[in-house]
Amino acid sequence: MGKKSIVLGIACIVLVFAMQATAWAVAWKVDVESYSGYVTYKESEDLSGTQLDSNWSAYLNRTGLALKEYDHESWEGEMRVGFSFTSEDSETWDVGGARYQTNDMKYWALDSGFLLGWAVPLDMGSSSEPNMYLTPLIGYNYKFMRFTRTNFNILNTITITDTVDEDFYIHALELGGKFDFMVNEKLALFVKPIWGIVLYDYAHNSIGGGIEGKEGSYYINLDTGVEYSIDENWVVGLLFRAEWQRLKGGNRDNEVFWPDNSLDAYGGEVNVAYRF
């Protein structure tokens with residue numbers, strides 16, 4: 001993946017160590033996450049005046065583990081890792097508005113990253129203790145995605161049973177924030193929008209080889225939910241999550257090799273956390 005990937009890797013290691021150093025001064029909680037939802041994926045490109053479009057959708061599941069600290073006192077943030085996978089469903093390809101190909105597709109993904117920020121109390125004047133907090137956040141995310149296609153049917157005349165894997169490698173700078181509203185000592189509502197600026201992305205097809213994506217890719221994550229503290233150690237939460245990912249494809253020899261693509265996911269999550 002070249003020098004860009006090496007530089008990004010070194011920068012991320014430095015940032016992770018910086019965040020880890022802050023963990024010595026605060027109490028973290030271990031958060032086990034279980035997410036279920038629905039995902040759609042599309043590729044789109046203009047091939048010298050002829051439009052290429054693909055469409056696919058499936059059910060999505062994700063299991064994750066996170067170390068989080070949002071105690072509304074000083075340094076706040078999280079470190080996380082997750083594994084995602086989808087069901088297998090049919091993908092359709094249209095060229096110039098006419099059906100060209102169908103195939104089965106599924107994907108699995110690994111993601112990891114961290115966010116770091118500083119809690120800012122918002123005094124609404126209703127009491128001596130603020131019940132609203134805003135935490136600006138900055139961080140890094142790395143995601144690996146493997147799309148697997150098989151059972152190709154081309155123009156209803158050609159059937160190919162070969163399996164084709166396409167791997168995505170995505171490095172992103174994350175900017176956003178977390179807004180907390182404390183209903184009482186046990187119940188809290190929150191909203192956390194995150195903007196992911198893709199610094200480097202790369203796709204590798206098991207048949208066609210690899211190519212870097214163009215500049216301008218991004219994603220947006222929006223988490224909103226409720227958390228309830230059972231006691232001083234145990235916390236349960238319900239969360240709704242939406243993700244919109246937009247990746248610019250790449251060209252090789254002045255021809256489209258990796259079309260522009262979009263991935264949208266929506267779902268809910270139940271998490272149980274232990275504070276120590």
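As a basis for the values below, the full set of heavy atoms in this structure was taken, side chains included, without hydrogen atoms, waters or symmetry mates.
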Working for side chain to side chain donor-acceptor pair (under 3.5 Å), residues N103 and N151: CA-CA 5 Å; N103 56 265; N151 298 324; over 6 Å; no
[Y] and [X] side chains, donor-acceptor separation under 3.5 Å:
X: T150; Y: D104; value: no
X: E212; Y: Y200; value: yes
X: N61; Y: S36; value: yes
X: Y35; Y: T63; value: no

Geometric cation-pi criterion K143 and Y169, 6.0 Å radius, 45° cone: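 Here K143 fails the 6.0 Å and 45° test against Y169.
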Flag side-chain contact, heavy atom, 4.5 Å: [X] against [Y]:
X: E174; Y: L115; value: yes
X: R62; Y: R241; value: yes
X: V120; Y: H72; value: no

Sub-6.0 Å ring centroid separation between Y38 and Y266: no
Ring pair (Phe, Tyr, Trp, His ring centres under 6.0 Å) assessment of W244 paired with Y219: CA-CA 5 Å; W244 302 276; Y219 59 82; over 10 Å; no
Residue among K106, E91, E88 satisfying side-chain contact (heavy atoms from CB on, under 4.5 Å) with R149: E91
Whether F147 and F168 hold their rings parallel, tilted or perpendicular, with breakpoints at 30° and 60°: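 Taking F168 first and then F147, their aromatic rings sit tilted (interplane angle of 30° to 60°).
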Salt-bridge contact K29-E78 (side-chain N to carboxylate O under 4.0 Å):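 No, this pair does not count.
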Pair L122-L134, side chain to side chain contact (heavy atoms under 4.5 Å, CB included): steps then yes or no: CA-CA 7 Å; L122 304 176; L134 175 63; 4.1 Å; yes
Pair T92-N55, side chain to side chain donor-acceptor pair (under 3.5 Å): steps then yes or no: CA-CA 5 Å; T92 61; N55 285 277; 4.7 Å; no
Flag if over 12 foreign heavy atoms under 6.0 Å of OH, Y59: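 No, not enclosed.
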Over 12 non-hydrogen atoms of neighbours within 6.0 angstrom of CZ in F179: yes
Chi angles and distances behind the ring pair (Phe, Tyr, Trp, His ring centres under 6.0 Å) call for Y202, W258: CA-CA 10 Å; Y202 179 86; W258 179 22; 8.3 Å; no
Pair K68-E33, salt bridge (Lys or Arg N to Asp or Glu O under 4.0 Å): steps then yes or no: CA-CA 12 Å; K68 296 182 178 180; E33 305 165 337; 3.4 Å; yes
Criterion side chain to side chain donor-acceptor pair (under 3.5 Å) on E76 and Y133, from CA distance to verdict: CA-CA 11 Å; E76 306 208 324; Y133 299 86; over 6 Å; no
